[in-house]
Protein chains: 2
Amino acid sequence: MSQHRHPGAPGRAGAVPALPDLPEATVARLPEYLRALHNLADAGHETVSSEGLSAAAGVNSAKLRKDLSHLGSYGTRGVGYDVALLIEQIEYVLGLTQRRAVALVGVGNLGHALAGYDGFASRGFRIAALLDADPSRVGEEINGLVVRHVDDLPTVAAEESLAIGVIATPAGAAQQVADQLVAVGVTSILNFAPCVLSVPEGVDVRKVDLAIELQILSFHEHRKASLTALPATGGTALTALPGGFAATDTQEAIGT
Amino acid sequence: MSQHRHPGAPGRAGAVPALPDLPEATVARLPEYLRALHNLADAGHETVSSEGLSAAAGVNSAKLRKDLSHLGSYGTRGVGYDVALLIEQIEYVLGLTQRRAVALVGVGNLGHALAGYDGFASRGFRIAALLDADPSRVGEEINGLVVRHVDDLPTVAAEESLAIGVIATPAGAAQQVADQLVAVGVTSILNFAPCVLSVPEGVDVRKVDLAIELQILSFHEHRKASLTALPATGGTALTALPGGFAATDTQEAIGT
DNA sequence: CGCGATTTGTGCACGTCTTCACAAGCGCCT
DNA sequence: AGGCGCTTGTGAAGACGTGCACAAATCGCG
Ligand SMILES: NC(=O)c1ccc[n+]([C@@H]2O[C@H](COP(=O)([O-])OP(=O)(O)OC[C@H]3O[C@@H](n4cnc5c(N)ncnc54)[C@H](O)[C@@H]3O)[C@@H](O)[C@H]2O)c1
Ligand SMILES: NC(=O)c1ccc[n+]([C@@H]2O[C@H](COP(=O)([O-])OP(=O)(O)OC[C@H]3O[C@@H](n4cnc5c(N)ncnc54)[C@H](O)[C@@H]3O)[C@@H](O)[C@H]2O)c1
């Protein structure tokens, strides 16, 4: 469209610059580009072509260009993208210019691992509170943070502006915890418990379910096995089957 | 299409029953249906309607019916689906009739949590080995399993038929570990390290990246904030905006 | 046995996502 | 200044996924 627009230069404060509304699929890939860009920046690259960046992020280069074009025109034809500028832009769009506060509820097996994870801090987040319902866990100090009782959530929310709640409790408690989070104004939840949460409109929930990932892989194992198991059996149908691809979300086979 | 087919009744051994090739989106939802079905079975339900099951799984009922129709015709019009039969069918398709062996590489912070997770066993998997490169970790016993050195991988693979490798090492080591897994015949990998893996064709990789999930949520927070920040500012465009949805992969706002 | 209530399975239309292919733009070199 | 090679940004086409709406099928009951 128009040439050098600046939909939201990170330097500009004041009026909200009307985020371009990105396709959801694009939003899901921006963090991957961002990670690749940080790696490139650390390696000393000042610019990168769509080909180079797409390889680093494991996607098709046309897709990458279309994704980035939604943010505006930040590339230079014949040259590529300015790494630092692109990092700035993506971080702005993702809302990472402010370090967002995360409340982690459920400091058990998994919760401990998450609480000790440095990838939070290095990727734009800050664990603002650790919460648990078990009195014997309350008071424990992990990584400089003291575990508080989950009923203190309103107090915590009053102290900090919580952006995201992470649920790492057993499935049976997850809905109740979600309700508590919503009640104190949290509108984004990451759920590790294997269950469906119901939340009011306007609240976003994303889930991470390890078993689901394994089961999807299991399916592909099963499928691969059932294909290789027919070497010369002239059974029913199954004629051509030229490529027999699988990938979609699954990344697959990137040469080099 | 045809009426009562049995593309692969779980009882039948012998010839491989030619898996129907399912849309990837369907495959990704089957595990969710399976979980919901197990819950229903535990609650004593013998049958369930597409409406009921779809509500329990958090999806649209038409989508659920279309998904299930890809497996064959296992419902009864006017009645619904037989819970036990459907569980059998989905488990068969997902390849869960055999308990698959998982090798977990990287027994650090996260690896410990995974090793102690009972969701593996209860959802069709068995941790067959814990592996780490750190000599001081080798020999440690977790949950009845002894941590072995990652260089023992060939030995482990010879003892067990490894179906899936899980990588929970730092990003810097992940590619090397992936290569080692592929070398011993593993064709499905679940990667927790924040990096792109390159693997030969035919090997499936799925990744779980916590920071990406948080950044996607951050984007939606940012977007929501930039919308509510314009209450009466007759700025540019942004006229109607009736619903202002967001969900796609993000589940959102299911009443009740 | 027939009828109405119920629920599945699916044709169809629509929207989203991906990929190709190429014109437009940029920098560099002569 | 002009031309050349490289890379972006995007139109268009196709693949894929979604959801409505309804015909077909089944059950229970009178
Ligand atoms: N451990 C893993 O590797 C892993 C992997 C994937 C998913 N998960 C899921 O993550 C969740 C946590 O797993 P875990 O292994 O850490 O379990 P866990 O039992 O070790 O820890 C759960 C914690 O939640 C706390 N809790 C219970 N009810 C609560 C409530 N109402 N409010 C606040 N805290 C409450 C408990 O006191 C406990 O500390 C489970 O749903 C599990 O299925 C775990
Ligand atoms: N801790 C979390 O909650 C969390 C969450 C999301 C993602 N991750 C990612 O998971 C990975 C592991 O995180 P962590 O916190 O457990 O780190 P960690 O440092 O605690 O553990 C890593 C383990 O891998 C082992 N290791 C290193 N190189 C190896 C090799 N070549 N072969 C085998 N083992 C090797 C180390 O000895 C160590 O035991 C990281 O990539 C991290 O980014 C962690």
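Quick note on labels: first sequence line is chain A, next is B, and so on, each numbered from 1.
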Salt-bridge test for Glu32(B) and Lys207(A): reply yes if a basic N is under 4.0 Å from a carboxylate O, no otherwise.
yes
Round to the nearest Å and state the distance from Glu24(A) atom CD to dG15(C) atom P.
18 Å
Ser49(B) side chain, from C-beta outward: closest of dT8(C), dG17(D), dT18(C)
dT8(C)
Report yes if at least one side-chain N or O of Ser50(B) is closer than 4.0 Å to OP1 or OP2 of dT7(C); otherwise report no.
no
Look at the side chain of Lys66(A) and the base of dT18(C), then say whether one donor and one acceptor between them are separated by less than 3.5 Å.
no
Give the nucleotide from the list dC22(C), dC17(C), dT19(C) with an atom nearest to the side chain of Ala62(A).
dT19(C)
So if I apply the side-chain hydrogen bond (donor to acceptor under 3.5 Å, both in side chains) rule between Arg65(B) and each of Ser49(B), Ser54(B), Ser50(B), which one comes out positive?
Ser50(B)
Whole Å only: how far is the CG atom of Asn60(B) from the P atom of dG15(C)?
16 Å
Nearest to the side chain of Ser73(A), heavy atoms from C-beta on, is which of dG9(D), dC27(D), dT18(C)?
dG9(D)
Measure the distance from NZ on Lys63(A) to P on dT16(C) and round it to the nearest whole Å.
17 Å
Between Arg223(A) and Asp21(B), does any side-chain N to carboxylate O distance fall below 4.0 Å?
no
Between dT8(D), dT18(C), dG27(C), which nucleotide has the shortest distance from any of its atoms to the side chain of Thr76(A)?
dG27(C)
Between Tyr81(B) (OH) and dT26(D) (P), how many Å, whole number?
14 Å
Check each of Val186(B), Ile164(B), Leu114(B) against Val102(B) using the side chain to side chain contact (heavy atoms under 4.5 Å, CB included) test, and report the only one that passes.
Ile164(B)
Assert: residue with more 5' nearest nucleotide on DNA chain D, out of Thr26(B) and Arg77(B), is Thr26(B)
Side chain of Val79(A): nearest nucleotide among dT10(C), dG9(D), dG27(C)?
dG27(C)
Between Asp204(A) and Lys224(B) (salt bridge meaning N to carboxylate O under 4.0 Å), is one present in this structure?
yes
In whole angstrom, give the distance that lies between atom NE2 of His70(B) and atom P of dT18(D).
11 Å
To the nearest Å, how far apart are Glu51(B) CD and dT8(C) C1'?
12 Å
To the nearest angstrom, how far is Arg65(B) atom CZ from dA23(D) atom P?
15 Å
In whole angstrom, give the distance that lies between atom CG of Asp67(A) and atom C1' of dT8(D).
14 Å
